[in-house]
Amino acid sequence: MTSQNQSSVRITADQRLSGRVALILGAGTSAPGVSIGKACSIAMARAGAMVAALDFHMDAALEVVQEIEQEGGRATAYQADVSDFGQMQRAIDAVISDYGRIDILQINAGIGKVGGPQETSLEDWDRIQKVNVESLLIASKLIIPLMVKQGSGSIIGVSSVAGMRYLGYPHLAYSVTKAAVIHFIRMMAQQYASDGIRANTIVPGLIDTPRIHKNVAKVFDPDADLDKARAARDRQVPIGRMGTAWEIASVATFLASDDASYITGTEIVVDGGLTGKFV
Ligand SMILES: NC(=O)c1ccc[n+]([C@@H]2O[C@H](COP(=O)([O-])OP(=O)(O)OC[C@H]3O[C@@H](n4cnc5c(N)ncnc54)[C@H](O)[C@@H]3O)[C@@H](O)[C@H]2O)c1
């Protein structure tokens, strides 16, 4: 386990997650900048949680751990593919051996590919389904028994407004899997409510994270000019701008905490008014 740097303890008034262990799946960033998983990991650490930062890319997970440690928090990096049962079993065994429990599980890793039914290969469909949906089944199988034993736990799914609406371009596999995330979490929340486990989904709108630079820019500007693509995304949102990863992280921290003790089986849409808009 990585060491705690006492000399640079970041003092925050918010210690809502003090003593809790938060496992964030897909805690890294796919390109330089702040992803949703990274912001959620750091925000939960600032609220007192010990963070198990899991990612397919160990470097990305280690970067998050380093930032948390620099602020005086406690975190450890783990490498696994969220869609691989064996890898996840080994990673979760390691988390339990390091921390002894898992209080918060955020299932954040997500991938997509632009296109409709003609442009989406069966291989892409299967891979997106495995990473975005089967990962929930795998994590649930491995972690729910631990939470049941503990008699408590908060599970947070990460969907997308693409799982609720057509966003103006075909993104079929991604959208269908993001709709599935919402319903998976709803079903699980009902089954385990009496065990002290809460499960909710955050539905982010258009968020300015590094992945949009790589994957989505070309949809908004034919030359994939990042500034133009960003401006086009900003214009779509009633609030007038994309959201930040930190604006998702504050909701995740809330859902993870006892402040959300009576909230389960539902979704919180964080989209600057996008899905309520008449176009
Ligand atoms: N950025 C947006 O506008 C937006 C909007 C709505 C929803 N979301 C959702 O939020 C989540 C995070 O998005 P982001 O933009 O911060 O993404 P990101 O691509 O920057 O970060 C995702 C992280 O997940 C990791 N990951 C990917 N596949 C993995 C796998 N199989 N196993 C383990 N780790 C894996 C990546 O290595 C990366 O570090 C995704 O589920 C995404 O669908 C994003």
Side-chain angles (χ1 to χ4, degrees), residues 23-43 52-65 77-88 91-92 106-114 126-136 138-139 156-165 167 171 173-182 184-185 201-217 219-220 229-230 232-234 236-237 241-249 251-252 267-272 274-275:
L23 170 60
I24 314 291
L25 307 183
T29 298
S30 55
V34 182
S35 66
I36 290 173
K38 183 175 183 176
C40 291
S41 302
I42 294 172
L54 183 148
D55 204 279
F56 186 66
H57 298 290
M58 191 58 166
D59 288 356
L62 281 167
E63 202 181 290
V64 175
V65 167
Y78 303 88
Q79 194 278 328
D81 179 339
V82 292
S83 67
D84 183 304
F85 188 88
Q87 289 184 25
M88 284 299 290
I92 286 159
Q106 181 167 333
I107 307 167
N108 177 77
I111 57 171
K113 193 159 185 192
V114 172
D126 283 347
R127 180 70 191 147
I128 294 167
Q129 167 74 25
K130 274 180 94 64
V131 174
N132 294 5
V133 186
E134 204 169 307
S135 60
L136 277 87
I138 291 172
I156 301 166
V158 179
S159 176
S160 164
V161 288
M164 300 169 73
R165 300 277 192 280
L167 295 185
H171 207 181
Y174 181 76
S175 304
V176 169
T177 56
K178 288 299 180 180
V181 169
I182 293 174
F184 187 107
I185 295 283
T201 301
I202 298 177
V203 185
L206 305 180
I207 309 300
D208 194 4
T209 65
R211 84 200 296 260
I212 67 144
H213 311 174
K214 275 202 331 197
N215 303 343
V216 190
V219 173
F220 288 86
R230 268 206 173 113
R233 268 167 75 96
D234 286 344
Q236 289 194 316
V237 186
R241 62 170 178 82
M242 285 183 277
T244 69
W246 300 107
E247 287 170 317
I248 304 301
V251 178
E267 303 83 55
I268 299 188
V269 178
V270 189
D271 72 348
L274 187 67
T275 48

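Counting starts at 1 for both ligands and their atoms, in listed order.
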Keeping R230 on the side-chain end and R241 on the backbone end, is there a donor-acceptor pair under 3.5 Å? no
For atom 16 (O) of ligand 1, tell me which residue out of V82, D271, I36 has the closest non-hydrogen atom. I36
Should V176 and I128 count as side-chain neighbours, where that means a heavy-atom distance under 4.5 Å? no
Should the proximity of D81 to ligand 1, defined as any heavy atom under 4.0 Å, be assigned to the side chain, the backbone, both, or neither? both
pair M164-S159: side-chain heavy atoms closer than 4.5 Å: no
With only distance considered, is V161 within less than 3.5 Å of ligand 1 through an N or O on each side? no
A student checking ligand 1 against A80 at a 4.0 Å heavy-atom cut-off should list atoms 32 (N), 33 (C)
dist I107:CD1 -> L136:CG (nearest 0.5 Å) comes out at 4.0 Å
Less than 3.5 Å between some nitrogen or oxygen of L54 and one of ligand 1, yes or no? no
Interfacing atoms of ligand 1 (cut-off 4.0 Å, heavy-atom, H57): 37 (O)
Side chains of V114 and H171 in contact at under 4.5 Å (non-hydrogen atoms): yes
Any idea which atoms of ligand 1 are less than 4.0 Å away from a heavy-atom of G110? 40 (C), 41 (O)
So for K178, does at least one of its heavy atoms come nearer than 4.0 angstrom to any atom of ligand 1? yes
At their closest point, which heavy atom of A245 faces which heavy atom of S35, and how far apart are they? CB-O, 3.4 Å
Which atom pair, heavy atoms only, marks the closest approach of V270 to V251? CG2-CG2, 3.8 Å
Does R233 come within less than 4.0 angstrom of ligand 1, counting non-hydrogen atoms of the residue? yes
For T209 and I36 the tightest heavy-atom approach is CG2-CG1, 4.0 Å
Where ligand 1 meets N108 - atom numbers and elements under 4.0 angstrom, heavy-atom basis: 11 (C), 12 (C), 40 (C), 41 (O)
Report, in ascending order of atom number, the atoms of ligand 1 lying under 4.0 Å from any heavy atom of V158. 9 (C), 10 (O), 11 (C)
Please check whether P210 reaches ligand 1 - meaning an N/O of the residue sits under 3.5 Å from an N/O of the ligand, judged on distance alone. no
Compute the minimum heavy-atom distance from G33 to ligand 1 and say whether it is under 4.0 Å. no
Heavy-atom contacts under 4.0 Å between S159 and ligand 1: side chain, backbone, both, or neither? backbone
If we ignore hydrogens and angles and just use 3.5 Å, is the side chain of Q79 paired with the main-chain N or O of F56 as donor and acceptor? yes
With heavy-atom distances below 4.0 Å as the criterion, list the atoms of ligand 1 near R127. 31 (N)
Less than 4.0 Å is my threshold; does some heavy atom of G205 fall inside it relative to ligand 1? yes
Could you tell me which non-hydrogen atom of L206 sits nearest to which non-hydrogen atom of Q236, and how far apart they are? CD1-OE1, 3.1 Å
Is any side-chain heavy atom of V34 closer than 4.5 Å to a side-chain heavy atom of T29? no
Considering K130, R211, E63, which one's heavy-atom position lies nearest to atom 14 (P) of ligand 1? R211
